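Taking it in order: structure first as structure tokens, then the write-up.
Computed from a prediction, not measured in an experiment: that's the story for all the values here. Naming: A, B, ... by sequence-line order, numbering from 1 per chain.
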There are 2 protein chains.
Amino acid sequence: MLIKQASEITGVSPDNLRYYERIGLIPEVPRNASGIRDYDDVSLSWIDFVMRFKRGGMPLESIREYVQLALQGEETKPARKAILMESKEMLLEKLAQIQESLDVIDYKLDTYDQKCGPITLEMVEEWKKQRNL
Amino acid sequence: MLIKQASEITGVSPDNLRYYERIGLIPEVPRNASGIRDYDDVSLSWIDFVMRFKRGGMPLESIREYVQLALQGEETKPARKAILMESKEMLLEKLAQIQESLDVIDYKLDTYDQKCGPITLEMVEEWKKQRNL
DNA sequence: ATAAACCCTTGAGTCGACTCCAGGTCAAGA
DNA sequence: TCTTGACCTGGAGTCGACTCAAGGGTTTAT
């Protein structure tokens with residue numbers, strides 16, 4: 001399968017697919033006789049795997065590290081497990097922060113008619129009270 | 001309160017506080033007679049407010065837009081409400097994506113001893129089955 | 001056999017979000 | 001008074017993650 005089709009399936013631009021391969025974020029894709037990339041199911045599943053982490057907000061460097069370890073074989077399992085556990089922590093943290101942002105938004109939306117203006121001293125007091133400061 | 005203390009309270013570096021003010025992400029902070037920033041509760045609550053959005057992953061430009069509207073008064077309420085609702089959508093989307101990343105990680109961790117190696121064709125098949133592809 | 005629509009690599013450019021620096025002001029203590 | 005340390009501005013530099021462009025090869029349809 002050519003890069004264009006792989007791009008349509010994965011939603012990643014051809015330029016980006018080549019870029020990700022260049023920096024080792026995804027393993028090298030098989031080539032045909034003329035050196036043109038020929039994506040197969042394995043290539044696609046790597047992209048799918050990697051993009052889930054990327055969309056979760058993980059830095060490409062961490063994902064790259066994981067992928068490179070995976071390509072090196074069995075003896076890198078402990079290192080990979082460590083990365084996964086670290087990443088999980090990071091994502092849980094992110095989840096909590098997004099939840100906090102959502103809380104602020106819902107608060108603003110709920111009390112929209114009263115509270116959407118510039119912040120005033122009274123609002124600050126109310127704010128503090130709500131957070132026990 | 002001097003910038004250093006404001007920095008300690010908010011966890012945002014002084015350089016960054018000045019930068020955020022420069023780009024209009026937070027409103028101008030009051031100054032003392034010699035032109036030195038003098039943070040008060042209102043300044044701090046703006047920073048707190050803005051940082052919640054930022055930590056949620058919202059682009060600074062969107063936050064800036066909201067803050068600038070809020071500074072312009074009552075007649076910008078509808079626009080601000082729209083931004084909040086848009087942001088909420090975006091954050092919910094992010095939440096879902098992070099949840100997906102976490103699912104992948106948990107899957108990998110659960111079946112660690114069997115599945116942590118390079119991706120194989122059998123794994124691709126299992127993968128597809130699990131996602132009904 | 002020529003054009004159109006793909007593909008390739010390498011390297012440069014862009015953009016958001018910092019981060020640092022030079023050169024200068026100001027306030028408090030020895 | 002002089003040093004020390006924290007502050008100021010404006011601008012340049014950095015970094016991650018793209019994104020584009022130049023220059024060239026290949027395959028397919030007409």
Side-chain angles (χ1 to χ4, degrees), chain A residues 1-40 43-44 46-47 49-68 83 87 90-91 94 97 101, chain B residues 1-40 43-44 46-47 50-68 83 87 90 94 97 101:
Chain A
M1 169 194 311
L2 293 178
I3 199 170
K4 198 181 183 198
Q5 198 185 343
S7 161
E8 278 153 13
I9 290 173
T10 59
V12 182
S13 78
D15 260 342
N16 243 349
L17 285 174
R18 282 188 285 255
Y19 168 66
Y20 288 159
E21 192 177 338
R22 222 190 328 183
I23 65 174
L25 191 71
I26 51 178
E28 288 186 11
V29 171
R31 310 285 186 120
N32 68 18
S34 354
I36 289 178
R37 287 175 183 81
D38 182 18
Y39 289 79
D40 57 17
S43 320
L44 292 181
W46 269 113
I47 297 168
F49 174 70
V50 160
M51 294 311 286
R52 276 170 214 280
F53 282 85
K54 196 189 121 37
R55 281 193 297 267
M58 288 203 36
L60 301 195
E61 178 53 29
S62 314
I63 307 176
R64 203 191 66 85
E65 207 181 333
Y66 182 92
V67 171
Q68 292 307 313
I83 292 179
S87 306
M90 206 244 254
L91 291 176
K94 246 181 208 274
Q97 284 170 344
S101 304
Chain B
M1 172 192 311
L2 293 178
I3 199 170
K4 198 180 182 199
Q5 198 185 345
S7 161
E8 278 154 12
I9 290 173
T10 60
V12 182
S13 78
D15 260 340
N16 243 349
L17 285 175
R18 282 188 286 254
Y19 168 66
Y20 288 159
E21 191 176 337
R22 225 193 317 184
I23 65 173
L25 190 72
I26 51 178
E28 288 187 9
V29 171
R31 310 285 184 122
N32 68 17
S34 357
I36 288 180
R37 288 175 184 79
D38 183 17
Y39 290 79
D40 58 16
S43 320
L44 292 183
W46 269 113
I47 297 169
V50 160
M51 293 311 286
R52 275 170 214 279
F53 282 85
K54 196 190 120 36
R55 281 192 297 266
M58 289 201 39
L60 301 194
E61 179 51 30
S62 315
I63 308 175
R64 201 191 68 84
E65 208 181 332
Y66 181 92
V67 171
Q68 293 305 312
I83 292 179
S87 305
M90 206 244 257
K94 245 181 211 275
Q97 285 170 345
S101 304

Residues B/Met90 and B/Pro59: closest non-hydrogen pair is CE-CD, 3.4 Å
How far does CZ of B/Phe53 sit from CG of B/Leu25, to the nearest 0.5 angstrom?
11.0 Å
Hey, does A/Arg31 reach any base, or is it just sugar-phosphate, or nothing, if we go heavy atoms under 4.0 Å?
sugar-phosphate
In whole angstrom, give the distance that lies between atom CG of B/Asn16 and atom P of D/dT9.
15 Å
In sequence, state the C-alpha distance, the side-chain angles, and the governing distance for B/Ile3 and B/Tyr39, and then conclude on side chain to side chain contact (heavy atoms under 4.5 Å, CB included).
CA-CA 7 Å; B/Ile3 199 170; B/Tyr39 290 79; 3.5 Å; yes
Looking at B/Glu28, I want to see if its CD is surrounded by more than 12 non-hydrogen atoms of other residues, nucleotides or ligands under 6.0 Å.
no
Would you say D/dC20 has OP1 or OP2 under 4.0 Å from some side-chain N or O of A/Tyr19?
no
To the nearest 10 degrees, the angle between the two end axes of the helix from C/dA1-D/dT30 to C/dA30-D/dT1 (five pairs per end) comes to 10°
Under 4.0 Å from a heavy atom of chain B: give me the 5'-most and 3'-most nucleotides of DNA chain C that qualify.
C/dA17 to C/dA27
For A/Glu61 and for A/Ser34, find the nucleotide of DNA chain D with the closest heavy atom, then tell me which residue's nucleotide is more 5'.
A/Glu61
Quick check: are there more than 12 heavy atoms from other residues, nucleotides or ligands sitting under 6.0 Å from CD of B/Glu8?
yes
Closest approach of A/Asn32 and A/Asp38, non-hydrogen atoms and distance?
N-CB, 4.4 Å
Euclidean distance, atom CZ of residue A/Arg22 to atom C1' of D/dT19 [Å, nearest integer]
10 Å
Write down the distance between CG (A/Asn32) and P (D/dG25), rounded to a whole number of angstrom.
16 Å
Does the pair B/Arg37/B/Glu21 count as a salt bridge with the N-to-O cut at 4.0 Å?
yes
Nearest whole angstrom, please: distance from the C1' of D/dG13 to the CG of B/Asp15.
13 Å
Sub-4.5 Å side-chain heavy-atom contact between B/Pro14 and B/Gln5
no
Using 30° and 60° as the class boundaries, would you call the ring planes of A/Phe49 and A/Tyr66 parallel, tilted or perpendicular?
tilted
Atom pair CD/CE of A/Gln97 and B/Met51 - distance to nearest 0.5 Å
9.5 Å
Closest heavy-atom contact between B/Val67 and B/Gly24?
CG1-O, 4.1 Å
For nucleotides 5-7 of chain D, give me every protein contact, N/O to N/O, under 3.5 Å, one pair per line with atom names.
{"unit_1": "D/dC7", "atom_1": "OP1", "unit_2": "B/Lys4", "atom_2": "N", "d": "2.9"}

